[in-house]
*Asks:* 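Sharing a structure here in structure tokens format.
None of the values given here were measured: they were computed from a predicted structure. Heavy-atom basis, side chains included; hydrogens, waters and symmetry copies ignored.
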Amino acid sequence: MSLRKVAVALSGGAALGLAHVGALKAMEEFGVRPSFLSGTSAGSIIGAMYARGLSVAEIEDVVLSIIEDL
């Protein structure tokens, strides 16, 4: 049996924050959970929430509430 590890790098940019959430959501739908996360700027915030154990739905709620406040 071969064990594969997946690493994800999330880029910076406020507009990409929601795109990162969508990418993580798609990965979960396919049963892929990253073993390693890295990110810069907005990507580091999304990655930190995900690594901390927040669900993708919870992260999406946080991001959307921030966008609504702008």
*Asks:* If hydrophobic clusters are built by linking Ile, Leu, Val, Met, Phe, Trp and Tyr wherever their side-chain heavy atoms come under 4.5 Å apart, do Tyr50 and Phe36 end up in the same one?
*Replies:* no
*Asks:* So which heavy atom on Glu58 is nearest to which on Gly53, and how close?
*Replies:* OE1-O, 4.4 Å
*Asks:* Can you tell me how far apart CD (Glu60) and OG (Ser65) are? Round to the nearest 0.5 Å.
*Replies:* 11.0 Å
*Asks:* Rounded to the nearest 0.5 Å, what separation is found between the NZ atom of Lys25 and the CG atom of Leu18?
*Replies:* 8.5 Å
*Asks:* Might you point out which heavy atoms bring Gly13 and Ala42 nearest each other, and give the distance in Å?
*Replies:* O-CB, 3.3 Å
*Asks:* With side chain to side chain contact (heavy atoms under 4.5 Å, CB included) as the criterion, how do His20 and Ser11 come out once you've worked through the C-alpha distance, each side chain's angles and the decisive distance to 0.1 Å?
*Replies:* CA-CA 8 Å; His20 294 320; Ser11 63; 3.7 Å; yes
*Asks:* For side chain to side chain contact (heavy atoms under 4.5 Å, CB included), just list the numbers for Ile45 and Val63, CA-CA rounded to whole Å, side-chain angles, deciding distance to a tenth of an Å, and then say yes or no.
*Replies:* CA-CA 10 Å; Ile45 296 168; Val63 171; over 6 Å; no
*Asks:* What is the minimum heavy-atom distance between Gly39 and Ser44, and which atoms define it?
*Replies:* O-CB, 3.5 Å
*Asks:* Same hydrophobic cluster for Leu64 and Ile46, using side-chain heavy-atom links shorter than 4.5 Å among ILVMFWY?
*Replies:* yes
*Asks:* Measure across Leu24 and Pro34 and return the closest heavy-atom pair with its distance rounded to 0.1 Å.
*Replies:* CD2-CG, 4.5 Å
